[in-house]
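Working notes for the structure below.
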Amino acid sequence: MLEGSGRWADLESARRAAFRALPPPIRAYLDSGAEREATLAANRAAFDRWGLFPSVAERPDATPSLRRRLLGIDLALPLVFGPAGMLGLIGNGGDLAAARACTDAGALFMLSTASNHSIESLARRAAAGPCLFQLSLPRDRALALRLIDRARDAGFAGLCVTVDNPVHGDRPAERRHGLRMPPSPWLVAKMAVARPRWAWRMARQRPRLANFAGEGLSMEQVVDQIVSPVGWDDLAWLRDRWIGPLAVKGLLRPDDIGRAAALGYQSVFLSNQGGRHFDSGIAPLDMLPDAIAHARGRLEIVVDGGFRSGTDIIKAIALGATACSTVRPFCYGLAAAGEEGVRHVFALFRSEMLRTLHFMGCRSLDDLGPGKLRRLP
Ligand SMILES: Cc1cc2nc3c(=O)[nH]c(=O)nc-3n(C[C@H](O)[C@H](O)[C@H](O)COP(=O)(O)O)c2cc1C
């Protein structure tokens, strides 16, 4: 009844396969963290502080349900493929491949503002199901409005604004490898022997920031637009301009959760962007119990940062999260085997979640709760 993922024994095998496919500078883009990488490590360590109880009394005889409803969207898996800029650098098919595998798995795909496929091409060619658009709010509000209108016209099911990227983060591993965006023709040529498939893809089509193609801006100018501080007045401005499900990504303070609810946001993504920008940051999972208490049922809490297994997801749902979000695991699949690789990573998460629910005697995610786990000393 409980299938495995087939291709890789576990996520670590997928990660190793991804690393064999990617040039070192792109590995650094995908996998490294800010400064001393303390936030990156904290995100993972948070999961080890919780242990799950097995159950001897209850034994579900059918396959447990993994269904959830997020932002009014019914999902077969409680998972969001979070926004990731420049997915074209990572694997064949980029955003399109990622979105197809994700929606087919019954999870929710979120297209980044810094995507390599445009809002329109994703809506036209990828989705068998609803997708979200992630907005990095441009300083130029006319440009912001154009993006919002395009996402609405293309039929995106919801908008999620990222608020935790006021300035550029520093990832020393990228600097050590001299990574520039987009990678220089020199780097592509240098990788022709060691990473021929990657170099061939880059030579055929250099990834660009597709949502800004008609704006007459260089990549540096776009980045200057979208790496910007976002305040509560901006969040109110945005709420008045998007009719439909609205989420904010990058809050961690409990009082901010209440403020987002009061403004009328439906979901908060507890996130530190996977430790890519701000070092010595607090892990989202560590803030989850407080966030749930402050949400008081007024909004949905999604957690992201460090999810690497089905048991990680079960822990967050037991603590009260509506759903979980991650990027790097799916990117390992994308880098190693394109769309098929992303499907395999979803299958891994799914089989691990099902097995864990069986051990815990749960028939669905709704049977989970704080009584099903304990904080370890
Ligand atoms: C390569 C890469 C690019 C990302 N780009 C964006 C982005 O454009 N916008 C955004 O809000 N978050 C971005 N993120 C952060 C993710 O959405 C998410 O918060 C983070 O990856 C979670 O950590 P995990 O993937 O280690 O679980 C990016 C992450 C990665 C790894």
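Order of appearance sets the numbers: ligands from 1, and atoms from 1 within every ligand. The basis for the numbers below is simple: all heavy atoms, side chains too, and nothing from hydrogens, waters or symmetry mates.
The parts of P83 lying near ligand 1 are both backbone and side chain, judged by heavy-atom distances below 4.0 Å. Both the backbone and the side chain of A84 come within 4.0 Å of ligand 1, counting heavy atoms alone. Here Q134 has side-chain heavy atoms under 4.0 Å from ligand 1, and that is the only part of it that gets that close. Contacts of R44 with ligand 1, taken as heavy-atom pairs under 4.0 Å, are absent altogether.
Taking every non-hydrogen atom of V327 and a distance limit under 4.0 Å, the qualifying atoms of ligand 1 come out as 16 (C), 17 (O), 21 (O), 25 (O), 30 (C), 31 (C). The S271 neighbourhood of ligand 1 comprises atoms 19 (O), with distances under 4.0 Å to a heavy atom of that residue. Within ligand 1, the atoms closer than 4.0 Å to a non-hydrogen atom of S112 are 7 (C), 8 (O), numbered from 1 in the order shown. Using a 4.0 Å cut-off to heavy atoms of T162, the atoms of ligand 1 that qualify are 10 (C), 11 (O). Close approach of ligand 1 to L30 is summarised as follows: ligand atoms under 4.0 Å from at least one heavy atom of the residue are 31 (C).
Ion pairing between a basic and an acidic side chain is recognised when a charged N comes within 4.0 Å of a carboxylate O; D48 and K315 show no such pairing. Taking a cutoff of 4.0 Å between a charged side-chain nitrogen and a carboxylate oxygen, R67 and D366 do not qualify as a salt bridge. Look at R343 and E339 and you find a salt bridge, because one of the NZ, NE, NH1 or NH2 atoms lies within 4.0 Å of a carboxylate O, short of that distance. A salt bridge does not link R150 with D153: none of the charged nitrogens is closer than 4.0 Å to a carboxylate oxygen. Ion pairing between a basic and an acidic side chain is recognised when a charged N comes within 4.0 Å of a carboxylate O; D164 and K249 show no such pairing. Using a cut-off of 4.0 Å between Lys/Arg side-chain N and Asp/Glu carboxylate O, D312 and R44 are scored as salt-bridged. The pair E12-R15 counts as a salt bridge, with a side-chain nitrogen and a carboxylate oxygen less than 4.0 angstrom apart.
Residue contacts with ligand 1 include G306, since one of its heavy atoms falls under 4.0 Å from the ligand. For the pair R308 and ligand 1, a heavy-atom separation below 4.0 Å is found.
Here the closest non-hydrogen pair linking S364 and P64 is N-CB, 4.4 Å.
Of all protein heavy atoms, the one lying nearest to atom 19 (O) of ligand 1 is D304 OD2, 2.5 Å. Remark: minimum distance from atom 5 (N) of ligand 1 to any protein heavy atom is reached at G85 N, 3.0 Å. When only non-hydrogen protein atoms are considered, atom 12 (N) of ligand 1 lies nearest to K249 NZ, 3.0 Å. Closest to atom 25 (O) of ligand 1 among all protein heavy atoms lies R328 N, 2.9 Å. Protein heavy atom at the shortest distance from atom 23 (O) of ligand 1 is G274 CA, 3.2 Å. Scanning the protein for heavy atoms near atom 2 (C) of ligand 1, the closest one is R276 CZ, 3.5 Å.
The shortest N or O to N or O distance between T326 and ligand 1 is under 3.5 Å.
Cation-pi geometry between R16 and Y332 is not met: the NZ or CZ atom fails to fall both under 6.0 Å from the ring centre and inside 45° of the normal. Annotation: cation-pi geometry satisfied between R375 and W50 (NZ/CZ under 6.0 angstrom from ring centroid, within 45° of ring axis).
Taking hydrophobic clusters as Ile, Leu, Val, Met, Phe, Trp and Tyr residues chained together by side-chain heavy-atom distances below 4.5 Å, L52 does not share a cluster with F359.
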